[in-house]
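Ligands are counted one by one from 1 in listed order, and the atoms in each one are counted from 1 as well. In this chain, numbering begins with 1 at the start of the sequence shown.
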Amino acid sequence: MTDPEAPRIEIVTIGSELLRGDTIDTNGAWLGRALLDMGIAVARRVTVADDNDAIRDAVEAALHRTGAVLCTGGLGPTTDDLTRDVVADLFDMPLQRNEPVLDAIRRRFDDMGVVMPEINVRQAMVPAGARVLDNRNGTAPGLLLEDDRGLAILLPGVPGELYPLFNESVAPLLRERWAGRLPPIRRALLRTTGAGESRVMEEVADLIEAVRPVDIAFLPHTTGVDVRLSVRGDAGEDDVLEAAARRFQDRLHRWVYTTEELDLAECVGASLRRQRRFLVLAESCTGGLIAKRVTDIPGSSAWFATGWVTYANDAKIRDLGVGAADLERFGAVSEIVARQMASGARRRSGAACAIAVTGIAGPGGASADKPLGTVWIATDVNGDVTARSYRFSGSREQVRERAAQAALRLLQQRLDAPAGSRSWND
Ligand code: AMP
Ligand code: MG
């Protein structure tokens with residue numbers, strides 16, 4: 001993205017809590033990616049306190065350098081929210097009460113059955129000549145101010161309000177403004193799990209140069225690595241992109257769980273739904289984390305039956321039929337207990353598929369032969385039980401997240417494996 005012709009913009013994130021470290025500036029990161037995705041270069045990003053001079057200086061300097069600035073935060077109703085006033089003053093556009101905006105704010109409160117607090121009138125004050133960007137998800141609308149120095153866009157700080165406002169209002173506006181200067185970008189995605197970033201990279205190291213002009217980005221997170229492929233150009237570049245994606249897929253297929261913007265739980269749900277099978281869960285270690293991910297998906301009751309969170313040995317024995325003697329002899333974190341948890345859960349629920357997890361998330365509970373992060377995962381598909389052991393690194397939270405991901409992946413591989421094939425289990 002060093003194209004000298006690419007339009008440039010600066011980001012100013014506003015809020016004292018961001019400087020104090022109480023809130024992480026995720027808006028800046030999110031906007032950076034969203035803008036880059038559109039072919040707009042972010043020239044600079046600054047964070048300032050809720051302070052008149054600081055906001056004014058940052059916005060003025062950004063306009064001077066690039067003629068375009070995007071601000072988030074400080075549009076709330078309280079006295080520490082200064083962005084609207086400061087930028088209106090900078091553009092010499094006096095604030096005026098905007099009746100349609102005020103009506104919209106009032107309606108939001110009415111819908112919640114609450115009388116609008118008088119302080120919210122502030123959020124209906126619009127700089128004369130500014131453009132209002134409707135905010136479906138909150139009370140503060142976005143604002144767009146422009147004069148011969150350039151363009152300032154003010155957006156709310158709440159991420160859940162910012163993202164849709166940007167996608168629905170700001171992105172189309174910027175595309176229109178910079179029409180002809182934003183290169184169309186074609187994209188492909190491989191979402192992987194089960195290998196770390198360096199392992200994934202090692203597997204495809206030689207391809208990165210070979211597939212140029214396709215650009216490759218590795219985006220690691222706790223539960224996997226996303227590999228993003230992109231190429232500038234119009235529809236003519238589709239073949240180039242597809243060919244590159246195929247070469248990456250060939251190398252990484254062991255770890256790729258989807259080529260779409262989907263969570264692994266959604267992929268598993270789609271397979272279960274297609275196969276008209278129901279899932280049941282027996283979770284130790286992950287403590288309901290898999291159930292949460294599964295039930296985060298709308299309509300999951302069409303393929304998710306029920307689940308147990310069994311921590312005490314007695315619960316594993318009573319609720320899942322795990323053998324007391326096996327628990328005693330092999331311990332709760334063992335292959336045999338994982339298998340019995342899976343088959344017990346499946347039989348007791350009558351569902352076709354079960355996942356069971358048992359492990360040591362830490363920080364305590366480890367031993368010489370069962371170090372921290374040791375996890376056994378078992379799946380039972382119509383009585384065919386498979387178990388596998390893992391050793392996850394990281395904090396308690398990370399071990400649990402990784403275990404949940406691995407469990408979903410193990411079931412996905414079993415569900416999607418061609419009949420009679422066991423090659424998935426490498
Ligand atoms: P504000 O629009 O300044 O009233 O911000 C409302 C809320 O949005 C704040 O309390 C923060 O929790 C959140 N917020 C503001 N700025 C950011 C940011 N840059 N990144 C993430 N969250 C933010
Ligand atoms: Mg604020």
Side-chain angles (χ1 to χ4, degrees), residues 9-38 40 42-62 66 68-91 95 98 101-102 104-106 108-109 112 114 116-127 130-145 152-171 174 219 221-222:
I9 199 165
E10 296 196 12
I11 296 174
V12 179
T13 55
I14 297 159
S16 300
E17 75 277 17
L18 303 171
L19 290 174
R20 281 196 306 264
D22 291 337
T23 303
I24 306 274
D25 177 15
T26 50
N27 289 351
W30 188 88
L31 284 171
R33 255 214 52 208
L35 289 160
L36 193 68
D37 269 0
M38 296 169 61
I40 299 168
V42 176
R44 183 184 298 235
R45 181 167 120 207
V46 189
T47 300
V48 296
D50 294 304
D51 173 86
N52 278 309
D53 293 342
I55 298 171
R56 192 185 171 100
D57 286 352
V59 174
E60 203 168 18
T66 58
V69 58
L70 224 156
C71 305
T72 79
L75 294 182
T78 59
T79 45
D80 66 343
D81 293 306
L82 307 167
T83 308
R84 182 187 303 102
D85 299 61
V86 172
V87 180
D89 190 58
L90 178 66
F91 277 76
L95 288 169
N98 183 302
V101 171
L102 187 59
I105 296 172
R106 214 172 248 128
R108 281 194 71 82
F109 282 100
M112 295 185 285
V114 177
M116 185 189 80
E118 208 43 45
I119 56 163
N120 285 84
V121 174
R122 279 194 70 200
Q123 297 185 300
M125 300 302 286
V126 171
R131 181 156 169 184
V132 172
L133 311 172
D134 287 335
N135 178 358
R136 293 188 281 114
N137 302 291
T139 47
L143 296 169
L144 189 151
L145 300 81
I153 300 171
L154 314 183
L155 298 174
V158 183
E161 301 178 24
L162 168 69
Y163 300 171
L165 230 165
F166 180 89
N167 288 332
E168 289 159 24
S169 301
V170 179
L174 294 179
L219 306 168
H221 29 110
T222 306

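The protein heavy atom nearest to atom 3 (O) of ligand 1 is Gly74 N, 2.7 Å. Among protein heavy atoms, atom 22 (N) of ligand 1 sits closest to Thr23 CG2, 3.6 Å. The nearest heavy-atom contact from the protein to atom 4 (O) of ligand 1 is Asp81 OD1, 3.4 Å. In this structure, the protein non-hydrogen atom closest to atom 14 (N) of ligand 1 is Gly157 O, 3.2 Å. Given atom 6 (C) of ligand 1, the protein heavy atom at minimum distance is Val158 CG2, 3.7 Å. Nearest protein heavy-atom contact of atom 11 (C) of ligand 1 is Glu17 OE2, 3.7 Å. Nearest non-hydrogen protein atom to atom 17 (C) of ligand 1 is Asn27 ND2, 3.2 Å.
Taking every heavy atom of Gly73 and a limit of under 4.0 angstrom, the matching atoms of ligand 1 come to 2 (O), 3 (O). Heavy-atom contacts of Ile24 reach the following atoms of ligand 1: 20 (N), 21 (C) (cutoff under 4.0 Å). Listed by number with element, the atoms of ligand 1 under 4.0 angstrom from any heavy atom of Thr26 are 20 (N), 21 (C). Listed by number with element, the atoms of ligand 1 under 4.0 angstrom from any heavy atom of Asp25 are 18 (C), 19 (N), 20 (N). Ligand-side atoms of ligand 1 in range of Leu75: 2 (O), range being under 4.0 angstrom from any heavy atom. Set against the non-hydrogen atoms of Leu18, the atoms of ligand 1 under 4.0 Å away are 17 (C), 18 (C), 19 (N).
A salt bridge links Arg45 to Asp25: one of the charged nitrogens lies within less than 4.0 Å of a carboxylate oxygen.
A donor-acceptor contact shorter than 3.5 Å links the side chain of Thr83 to the backbone of Gly73.
Residues Leu35 and Leu174 are in side-chain contact: their nearest non-hydrogen atoms beyond the backbone lie under 4.5 Å apart. Contact of the Pro156 side chain with the Leu165 side chain is registered, since non-hydrogen atoms from C-beta on lie closer than 4.5 Å. Side chains of Thr66 and Ile9 form no contact here, defined as non-hydrogen atoms less than 4.5 Å apart.
Val59 and Cys71 make their closest contact through CG2-SG, 3.8 Å (heavy atoms, listed as atom of the first residue, atom of the second, distance).
Atom CZ of Arg56 sits in a crowded spot, with more than 12 heavy atoms from other residues, nucleotides or ligands closer than 6.0 Å.
Residues that satisfy the side chain to side chain donor-acceptor pair (under 3.5 Å) test with Asn98, not counting sequence neighbours, are absent from this structure.
Using a 30° and 60° split on the angle between ring planes, Phe166 and Trp30 fall in the perpendicular class, above 60°.
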